[in-house]
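Notes to accompany the following structure.
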Amino acid sequence: MSVGASDPIIVGNITLSFHRAAAGVTRRVLYLSGYRDRVRVLRPHSQPYRLWAVPPYVPVDEVGEVSDLARPGIAERMTKAVDGINPGAGISRFSATMVGAYGLDRAGYTSAPGDEEGFTARVDRGVAAREWFVIPLWRPQYLNRHHRLHRLEEPKGLLGTVDDACPVIGLEALERIRPEAVSQLDALRLGNDGVEEIDTLINVGGLSPLQAADRYLADHHSGLLP
């Protein structure tokens, strides 16, 4: 199928909030440009990884790593349901394994996957109530920044490794994008902190992905804006 110069370029992303945040910046940088280049996978915008975390009011000297959750005196204070997102997600599958591998099941913990919307609402409620609970999530994700969550050490390495989140531009689209714009996007380093800042602007500040991208780029990469 042929693609005309006036046809829209579709920016696809996984339906999790931090992917929508990074996609907003990708859309903004590319839509400032004219078109023409060759296909390529760009360098990473961020380095996602999975983690378990606790709220900031849970003392780090008492709960600093996953195994601490099973300690007497700690287990009694913690909520035992380890709520997460959909069962097929990597963080949900790895978290279910961790409950057994760290002996948390013997202390009464269970893995309870759900959906992203219910998960974020549950974290908001728990922090507001100053509940002691464990949060399986990932970076970049706005809840880390918004609630200042504390990452637990996970010495068994069951949550996997650090990934590279790279923009990928399709062949047809590259033929319609100015090379300078692709180079700008390739050079852009959001990092996990940058994506979380954008993600927070969207999910807490109420901005659209493109509005959040404009705000972030104006504050940190103003040369990419007209």
Side-chain angles (χ1 to χ4, degrees), residues 13-22 46-165 192-193 195-197 199-200 202-204:
N13 60 270
I14 298 172
T15 56
L16 291 173
S17 64
F18 78 94
H19 287 295
R20 290 191 290 269
S46 62
Q47 291 72 44
Y49 60 86
R50 293 163 288 271
L51 67 142
W52 276 20
V54 292
Y57 48 79
V58 176
V60 65
D61 58 343
E62 295 185 36
V63 185
E65 65 175 65
V66 173
S67 59
D68 290 335
L69 297 169
R71 286 173 43 212
I74 300 298
E76 288 77 8
R77 296 197 64 177
M78 298 292 297
T79 297
K80 298 304 192 300
V82 183
D83 295 296
I85 57 172
N86 71 79
I91 182 63
S92 298
R93 291 184 284 106
F94 296 145
S95 293
T97 299
M98 285 173 59
V99 168
Y102 281 93
L104 301 181
D105 51 346
R106 295 192 297 274
Y109 290 88
T110 60
S111 176
D115 57 46
E116 186 186 13
E117 183 177 355
F119 169 74
T120 56
R122 185 266 178 276
V123 174
D124 290 339
R125 289 194 307 269
V127 172
R130 297 188 66 82
E131 174 187 351
W132 283 42
F133 66 115
V134 63
I135 307 157
L137 76 168
W138 54 93
R139 287 203 70 201
Q141 213 276 355
Y142 80 95
L143 292 170
N144 294 286
R145 179 186 179 98
H146 182 52
H147 290 305
R148 298 181 294 109
L149 302 178
H150 171 68
R151 178 187 181 186
L152 298 181
E153 295 297 324
E154 197 271 288
K156 295 182 185 293
L158 299 178
L159 287 174
T161 58
V162 177
D163 298 322
D164 285 330
N192 292 344
D193 288 342
V195 175
E196 285 181 357
E197 182 176 341
D199 202 18
T200 302
I202 296 168
N203 288 283
V204 181

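Bear in mind the structure is a predicted one, so any value in this text is a computation, not a measurement. Keep in mind that the numbers below use all heavy atoms, side chains included, and drop hydrogens, waters and symmetry copies.
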Compare every heavy atom of [Y] with every heavy atom of [X], then report the nearest pair and how far apart it is.
X: Tyr49; Y: Asn192; answer: CE2-ND2, 3.6 Å
X: Ser92; Y: Pro113; answer: OG-CB, 4.2 Å
X: Leu159; Y: Leu51; answer: CD1-CA, 3.5 Å
X: Glu131; Y: Pro55; answer: O-CG, 3.9 Å
X: Leu69; Y: Leu104; answer: CB-CD2, 3.9 Å
X: Ser46; Y: Val195; answer: CB-CG2, 3.9 Å

Quick one: pull up [atom1] in [X] and [atom2] in [Y] and give me the separation to the nearest 0.5 Å.
X: His150; Y: Ile135; atom1: NE2; atom2: CD1; result: 11.5 Å
X: His147; Y: Thr200; atom1: NE2; atom2: OG1; result: 10.0 Å
X: Arg77; Y: Arg71; atom1: CZ; atom2: CZ; result: 12.0 Å
X: Thr120; Y: Tyr142; atom1: OG1; atom2: OH; result: 4.5 Å
X: Asp193; Y: Asn144; atom1: CG; atom2: CG; result: 9.5 Å
X: Tyr102; Y: Lys156; atom1: OH; atom2: NZ; result: 5.5 Å

Might you confirm whether atom [atom1] of [X] has over 12 heavy atoms from other residues, nucleotides or ligands at distances under 6.0 Å?
X: Glu153; atom1: CD; value: no
X: Arg148; atom1: CZ; value: no
X: Glu76; atom1: CD; value: yes

(message) With side chain to side chain contact (heavy atoms under 4.5 Å, CB included) as the criterion, how do Phe133 and Asp83 come out once you've worked through the C-alpha distance, each side chain's angles and the decisive distance to 0.1 Å?
(response) CA-CA 9 Å; Phe133 66 115; Asp83 295 296; over 6 Å; no

Using only atom types and a distance under 3.5 Å, with no angle test, would you say the side chain of [X] pairs donor to acceptor with the backbone of [Y]?
X: Arg50; Y: Ser95; result: no
X: Lys80; Y: Asp105; result: no
X: Tyr109; Y: Gly100; result: no
X: Glu196; Y: Gln141; result: yes

(request) Might you work through the side chain to side chain contact (heavy atoms under 4.5 Å, CB included) test for Leu149 and Leu137, ending with a clear yes or no? (result) CA-CA 10 Å; Leu149 302 178; Leu137 76 168; 4.0 Å; yes

(request) Using only heavy-atom distances, determine whether the side chains of His146 and Asp199 contain a donor-acceptor pair under 3.5 Å. (result) no

(request) Taking the side chain as every heavy atom from C-beta outward, state whether Trp132 and Val58 have any atom pair closer than 4.5 Å. (result) yes

(request) Please step through side chain to side chain contact (heavy atoms under 4.5 Å, CB included) for the pair Asp163 and Trp138, ending with a clear verdict. (result) CA-CA 11 Å; Asp163 298 322; Trp138 54 93; over 6 Å; no

(request) For side chain to side chain contact (heavy atoms under 4.5 Å, CB included), just list the numbers for Leu152 and Val54, CA-CA rounded to whole Å, side-chain angles, deciding distance to a tenth of an Å, and then say yes or no. (result) CA-CA 7 Å; Leu152 298 181; Val54 292; 4.0 Å; yes

